[in-house]
Amino acid sequence: MTGPDHIAERIETAADALRAATRVAVLTGAGVSADSGVPTFRGPGGLWHNFRPEDLATPEAFERDPQLVWEWYDWRRQKIASAEPNAGHIALVELEEIVPDLTLITQNVDGLHEAAGSKHVIELHGCIWRVRCPAEGTVAENRQVPLSEIPPHCRCGSLVRPDIVWFGESVPGDAIAAACCAAEAAEVMLVVGTSALVYPAAALPLLTSQRDGAIIEVNPEPTMLSELTHLGLRGKGAEVLPQLVAAVRRE
Ligand code: OAD
């Protein structure tokens, strides 16, 4: 069965599971910000269609050509600065107000969950609005758009880098530990807008599933996770999530 009635029915079933849960984990990826006009990485129009990650998102690329890497991040920062949280981000804030214990784990670096008002956010891949000085080991907020200096420097004179986890680097230990705890404890994990191709994030739903937690996926396309998913809600985050949260509220 396909069509609007079928989706409405699945949303009701997903809402029942969320309403019954005390502990919920939400895992988001680039798709949750697609409706805000922030490009995803894979798929048509995705960033990795036009750019090579090895030229822009590795420590080697930064060492080779910090100017190029920072020009790309400056361009992305400008795109994100003009984006607003969408109805999907806002629905997740409302869900946090309903569920007794909700942890939002995101792979996104755009800060749009925090801008929407989500409180318990674990950023697995860092944040585009922070810079890190490798010489001093310090991290600072930098929201200047566009940057006045490319590449930017620390007060100590060293080059700073985006505080982002690049390919070949590890997710910060405290972030992945907290994400694993939340995934293991969750009775329901809601997975929104990720292709589930990048680890360790992609393994988190397995932790929930291994402990008999339910996986609900919101994505217009099937993904690597779809086989593991108890309920697939095929659609855009900005459309499906508000309907889902309204259904959770209805009782
Ligand atoms: P991807 O670009 O790999 O996947 C985006 C997913 O969002 C796809 O499954 C799309 O079908 C889905 N999607 C597209 N539009 C959507 C919409 N309106 N609503 C809901 N879903 C939608 O992005 P990620 O899985 O987040 O790493 O990628 C993971 C990591 O790979 C990123 O964090 C990034 C990248 O390299 C770093 O920056 C470190």
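In listed order, ligands and their atoms are each counted from 1.
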Close N/O pairs between ligand 1 and protein, under 3.5 Å:
{"residue": "ligand 1", "atom": "2 (O)", "partner": "Phe41", "partner atom": "N", "Å": "2.7"}
{"residue": "ligand 1", "atom": "2 (O)", "partner": "Arg42", "partner atom": "N", "Å": "2.8"}
{"residue": "ligand 1", "atom": "3 (O)", "partner": "Arg42", "partner atom": "NH1", "Å": "2.7"}
{"residue": "ligand 1", "atom": "3 (O)", "partner": "Ser195", "partner atom": "OG", "Å": "2.5"}
{"residue": "ligand 1", "atom": "4 (O)", "partner": "Ser195", "partner atom": "N", "Å": "3.4"}
{"residue": "ligand 1", "atom": "7 (O)", "partner": "Gly193", "partner atom": "O", "Å": "3.2"}
{"residue": "ligand 1", "atom": "9 (O)", "partner": "Asn219", "partner atom": "ND2", "Å": "3.0"}
{"residue": "ligand 1", "atom": "11 (O)", "partner": "Asn219", "partner atom": "OD1", "Å": "2.8"}
{"residue": "ligand 1", "atom": "18 (N)", "partner": "Asp35", "partner atom": "OD1", "Å": "3.1"}
{"residue": "ligand 1", "atom": "18 (N)", "partner": "Asp35", "partner atom": "OD2", "Å": "3.1"}
{"residue": "ligand 1", "atom": "19 (N)", "partner": "Gly31", "partner atom": "O", "Å": "3.3"}
{"residue": "ligand 1", "atom": "19 (N)", "partner": "Gly237", "partner atom": "N", "Å": "2.9"}
{"residue": "ligand 1", "atom": "25 (O)", "partner": "Thr194", "partner atom": "OG1", "Å": "2.6"}
{"residue": "ligand 1", "atom": "25 (O)", "partner": "Ser195", "partner atom": "N", "Å": "2.9"}
{"residue": "ligand 1", "atom": "25 (O)", "partner": "Ser195", "partner atom": "OG", "Å": "3.3"}
{"residue": "ligand 1", "atom": "26 (O)", "partner": "Ala30", "partner atom": "N", "Å": "2.8"}
{"residue": "ligand 1", "atom": "28 (O)", "partner": "Arg42", "partner atom": "NH1", "Å": "3.1"}
{"residue": "ligand 1", "atom": "31 (O)", "partner": "Arg42", "partner atom": "NH1", "Å": "3.1"}
{"residue": "ligand 1", "atom": "31 (O)", "partner": "Arg42", "partner atom": "NH2", "Å": "3.3"}
{"residue": "ligand 1", "atom": "33 (O)", "partner": "Gln107", "partner atom": "O", "Å": "3.1"}
{"residue": "ligand 1", "atom": "33 (O)", "partner": "His125", "partner atom": "ND1", "Å": "2.8"}
{"residue": "ligand 1", "atom": "36 (O)", "partner": "Trp48", "partner atom": "NE1", "Å": "3.0"}

*Among side-chain atoms of Ser226 and Glu217, is any donor-acceptor pair under 3.5 angstrom?*
yes
*asked:* When you compare the side chain of Trp129 with that of Val145, does any pair of heavy atoms fall below 4.5 Å?
replied: yes
_For a quick check under 3.5 Å, do Thr22 and Asp101 share a side-chain donor-acceptor pair by atom type?_
no
*According to the interplanar angle, ranging from 0 to 90°, do the rings of His113 and His89 count as parallel (below 30°), tilted (30 to 60°) or perpendicular (above 60°)?*
perpendicular
_Glu63: which residues meet the side chain to side chain donor-acceptor pair (under 3.5 Å) condition with it, sequence neighbours left out?_
none
*If you round to the nearest 0.5 Å, how far is CZ of Arg132 from OG1 of Thr138?*
10.0 Å
